[in-house]
Q: 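First, the structure itself, so that you have it in front of you.
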Amino acid sequence: MHKVMVTGCLGQIGSELVAQLRAQNGVDSVIATDIRRPDHNETVESGPFEVLDVTDYDRMLKIATDYQVDTLIHLAALLSAVAEERPQFAWQLNMTGLVNALEVARELDLKFFTPSSIGAFGPSTPKDNTPQDTIQRPTTMYGVTKVSGELLCDYYHTKYEVDTRGVRFPGLISYKTLPGGGTTDYAVDIYYEALRKGHYESFIKEGTYMDMMYMPDAIGAIIKLMNADPERLIHRNAFNITAMSFEPEQIKAAIQKELPDFEMTYAVDPARQAIADSWPNQIDASCAKAEWDFEPQYDLEAMTKDMLAQLKTRI
Ligand code: VAH
């Protein structure tokens with residue numbers, strides 16, 4: 001990955017991935033793109049940036065050609081909760097954007113990464129220790145686009161030898177850029193509210209386990225997978241990865257170790273609870289560990305300490 005084009009660079013993953021790649025390989029090694037050019041944004045001002053609507057193939061091809069990139073990391077997509085509110089638009093954006101990105105990668109012989117999600121699983125998937133290869137019948141539009149995306153990325157690898165790689169991300173927790181419209185966002189919001197108000201009202205009910213990961217581990221996983229020896233890869237799209245699985249009472253307890261007066265109540269959102277209920281409790285990441293040495297560094301306690309320390313300097 002010498003010259004990387006990133007779509008959705010202003011999002012929760014994109015903003016941190018661009019920063020990390022620019023720090024590692026130089027600011028001009030990353031062409032950051034997103035649908036709008038915001039005022040006063042570090043990602044936009046720290047290196048090359050282009051406005052790109054990922055449904056515009058010609059524009060995407062021109063940017064990748066003009067900058068002579070060798071890798072395309074496609075992140076632009078709607079997340080689960082927003083996608084369930086606007087399913088037809090979600091299909092159109094997530095799938096048209098992905099097909100365009102894969103076509104650009106095929107046309108220019110680029111290495112390719114796009115994330116899938118634990119949302120690619122559904123109610124009939126084994127919920128505990130969910131295998132790498134198993135039933136995938138998601139009941140959300142987000143999940144339908146993620147399963148379709150996994151199949152499409154494998155197809156482009158098999159049919160056109162495009163070097164496509166992906167991971168099924170768990171819920172991602174970070175302090176630099178807020179997530180937009182996800183089901184696991186409660187596990188981000190809780191840290192902000194704990195510091196601002198000492199109280200959080202959870203929209204996900206007690207006892208709802210979901211896989212989660214701290215953003216530094218997510219960014220490290222993308223870079224590690226993209227640099228992995230292709231000869232070792234048995235799977236490609238997309239690898240189960242996770243760092244922890246917890247339910248709301250457990251993240252509450254972890255926060256209370258740092259902020260003893262923190263309290264949490266519940267106001268369950270039926271729409272996002274239904275999405276969470278359709279997902280696994282905890283997935284098996286053994287293939288990622290075996291094929292490209294995936295190894296997360298943060299557990300719930302370490303993540304909580306760092307999240308609160310970092311947010312204290314921002315709030
Ligand atoms: C979402 N944060 O909630 C995303 C992610 C596994 C969850 O895909 O939609």
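Note that ligands are numbered from 1 as they come in the structure, with each ligand's atoms numbered from 1 the same way. Throughout, residue positions are numbered sequentially from 1 according to the sequence presented.
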Q: When you measure from the centre of the six-membered ring of Y192, is the NZ or CZ of R196 closer than 6.0 Å and no more than 45° off the axis?
A: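 So R196 doesn't make the cation-pi contact.
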Q: Inspect the contact between E50 and R59 and indicate whether a charged nitrogen and a carboxylate oxygen are less than 4.0 angstrom apart.
A: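 Salt bridge present between R59 and E50.
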Q: Which of parallel (below 30°), tilted (30 to 60°) and perpendicular (above 60°) describes W292 and F294?
A: tilted
Q: Taking R232 first and then D293, would you say they form a salt bridge - that is, a charged N and a carboxylate O separated by under 4.0 Å?
A: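 Looking at D293 together with R232, the answer is yes, because their closest N to O distance falls below 4.0 Å.
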Q: Between CZ of R236 and CG of D154, what distance do you get to the nearest 0.5 Å?
A: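 R236 atom CZ to D154 atom CG measures 8.5 Å (nearest 0.5 Å).
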Q: Name the residues with a heavy atom less than 4.0 Å from ligand 1?
A: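 Residue list for ligand 1: L79, S80, S117, I118, Y142, F169, P170, G171, G182, T183, T184, W279.
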Q: Check side-chain hydrogen bond (donor to acceptor under 3.5 Å, both in side chains) between E193 and all other residues, then give those that pass, not counting sequence neighbours.
A: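 Residues passing side-chain hydrogen bond (donor to acceptor under 3.5 Å, both in side chains) with E193: K197.
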